[in-house]
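Comments concern the structure below.
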Number of protein chains: 2
Amino acid sequence: MSSSAQKYDVFQAIADPTRREVLKLLAHKELPISEITSHFPMSRTAIAKHLHILSEANLVSGQKVGREKRYHLKPETFQELKDWLSYYDQFWSNKLSMLKFVVENDGEDSRSNKETD
Amino acid sequence: MSSSAQKYDVFQAIADPTRREVLKLLAHKELPISEITSHFPMSRTAIAKHLHILSEANLVSGQKVGREKRYHLKPETFQELKDWLSYYDQFWSNKLSMLKFVVENDGEDSRSNKETD
DNA sequence: TTGACATGACACCAAAAGGTTTTATATAAT
DNA sequence: ATTATATAAAACCTTTTGGTGTCATGTCAA
């Protein structure tokens, strides 16, 4: 599949508030560009660009139906994001258990700096 | 300080590849700016800016220790992202894709050390 | 065939993002 | 007290981003 020089990745795609709104709209129902546009205070061209970016990031995909093109979400890519996030889970659980350890042992570890944050 | 007019949100913060690398570094160990910088082909000032953005997005926080300032991750904000993502689950939970997640995370939290970004 | 509709593709522009270098300030060590 | 270290802050520059408007193309309906 596309290993092509993707200009936009998932992270950049969801960085823009308008694009996140578009995703939210498409969650409920697949929609053509002009209908999506009607929900925003900007031109259809602008929305088309946003959809292009979302599409390159594989967050949405469009299928032509007659003269319109209907866009819908692509679940797989949301999963990519979840995977990225879950990478960090291991560190937090470690951190939490370590904190618990420190507390239970009255913080006698010499090298540890306790954070008040 | 908690009511600042946040210029950068979490989504923008993680949009940049360098910043995601920084997060990855900080996952293992809290670090001062200069040490973080040593992992990148750019100036300390540039990294400082990235840290400022990550900090504004509440993904990291820094504490001064002597003349250095050590940065560490803030788990709560990662949770925010998870929440945003989980909103979409309802729309495709019946369909596919969650299956993939379950399978890939089968081994519980022992040594799943996937390379992320 | 003609006209309306839905979209795609350009060219253009202002503002923001991501980097640089320089200057300043606080702490540590000799 | 002086010097070296660690960071902060400001001015500046270039590329990218997010928007605009205009024109071209493809499809449906009279």
Side-chain angles (χ1 to χ4, degrees), chain A residues 4-26 29-72 111 113 115 117, chain B residues 1 4-26 29-72 117:
Chain A
S4 50
Q6 227 180 357
K7 186 175 181 188
Y8 291 95
D9 64 14
V10 189
F11 299 96
Q12 283 178 281
I14 64 168
D16 184 89
T18 300
R19 287 196 288 271
R20 290 200 300 278
E21 272 299 313
V22 170
L23 291 177
K24 216 166 162 188
L25 274 176
L26 293 179
K29 188 165 175 290
E30 70 172 16
L31 296 171
I33 293 197
S34 18
E35 175 127 359
I36 298 174
T37 304
S38 72
H39 291 78
F40 296 90
M42 66 186 71
S43 71
R44 188 188 50 77
T45 309
I47 297 295
K49 280 191 184 178
H50 284 308
L51 281 170
H52 180 71
I53 289 169
L54 289 170
S55 187
E56 241 188 87
N58 249 286
L59 280 164
V60 310
S61 171
Q63 53 173 160
K64 280 195 73 173
V65 176
R67 63 180 159 181
E68 49 178 43
K69 189 169 177 182
R70 300 194 186 143
Y71 286 89
H72 58 91
R111 228 178 22 127
N113 29 60
E115 309 168 18
D117 199 10
Chain B
M1 281 275 222
S4 51
Q6 230 181 357
K7 185 176 181 185
Y8 293 94
D9 63 17
V10 188
F11 298 97
Q12 284 178 279
I14 64 169
D16 184 89
T18 300
R19 287 196 288 271
R20 290 198 300 277
E21 273 299 315
V22 170
L23 291 178
K24 213 168 158 187
L25 275 176
L26 293 179
K29 188 167 175 291
E30 69 171 17
L31 296 171
I33 294 197
S34 17
E35 175 127 359
I36 298 174
T37 304
S38 71
H39 292 78
F40 296 91
M42 67 186 70
S43 71
R44 190 191 52 74
T45 308
I47 297 296
K49 280 190 185 179
H50 283 308
L51 282 169
H52 180 70
I53 290 168
L54 287 170
S55 185
E56 241 187 87
N58 249 286
L59 281 164
V60 310
S61 171
Q63 52 172 166
K64 279 196 74 173
V65 175
R67 60 181 159 180
E68 51 178 41
K69 190 169 178 182
R70 301 195 186 142
Y71 286 88
H72 59 91
D117 203 54

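Naming convention: chains lettered A, B, ... in sequence-line order (proteins, then strands); numbering from 1 in each chain.
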Measure [atom1]/[X] against [atom2]/[N] and give the value in whole Å, please.
X      : N       : atom1 : atom2 : result
I14(B) : dG18(C) : CD1   : P     : 13 Å
H50(B) : dT7(D)  : NE2   : C1'   : 17 Å
K7(B)  : dA17(C) : NZ    : C1'   : 9 Å
F11(B) : dA16(C) : CZ    : C1'   : 20 Å
E68(B) : dA29(C) : CD    : P     : 11 Å
L31(B) : dT7(D)  : CG    : P     : 10 Å
D16(A) : dG19(D) : CG    : C1'   : 11 Å
Q63(B) : dA6(D)  : CD    : P     : 17 Å

Do [X] and [Y] make a side-chain contact, defined as non-hydrogen atoms from C-beta onward lying under 4.5 Å apart?
X      : Y      : result
V65(B) : E30(B) : no
E56(A) : I53(A) : no
M42(A) : H50(A) : yes

Quiz item: Within a reach of under 6.0 Å around NE2 of H72(A), are more than 12 heavy atoms found that belong to other residues, nucleotides or ligands?
Solution: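 Correct, the count exceeds 12.
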
Kindly point out which of [options] is positioned nearest to the side chain of [X]?
X      : options                  : result
R67(A) : dA6(C), dT20(C), dA6(D)  : dA6(C)
K69(A) : dA29(C), dG8(C), dG19(C) : dG8(C)
Y71(A) : dG19(C), dA6(C), dG8(C)  : dG8(C)

Self-check item: 5' priority, DNA chain D, between K64(A) and A15(A) [closest heavy atom]
Solution: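 Going by which nucleotide is closer to the 5' end, it is A15(A).
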
Exercise. Take T45(A) and V65(A), find for each the nucleotide of DNA chain D with the closest heavy atom, and name the residue whose nucleotide sits nearer the 5' end.
Key: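 Residue closer to the 5' terminus by nearest nucleotide: T45(A).
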
Taking 4.0 Å as the cut-off, does a side-chain nitrogen or oxygen of [X] come that near to OP1 or OP2 on [N]?
X      : N       : result
Y8(B)  : dA16(C) : no
Q12(A) : dT17(D) : yes
S43(A) : dG19(D) : no
K49(A) : dG19(D) : no
R19(A) : dG18(D) : yes

Quiz item: Can we say K49(A) and D16(A) salt-bridge, meaning some charged N sits less than 4.0 Å from an Asp/Glu carboxylate O?
Solution: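 Looking at D16(A) together with K49(A), the answer is no, because their closest N to O distance does not fall below 4.0 Å.
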
Exercise. Give a yes or no on whether a donor-acceptor pair under 3.5 Å exists between the nucleobase atoms of dG21(D), that is its base, and the side chain of R44(A).
Key: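 A donor-acceptor contact between them is absent.
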
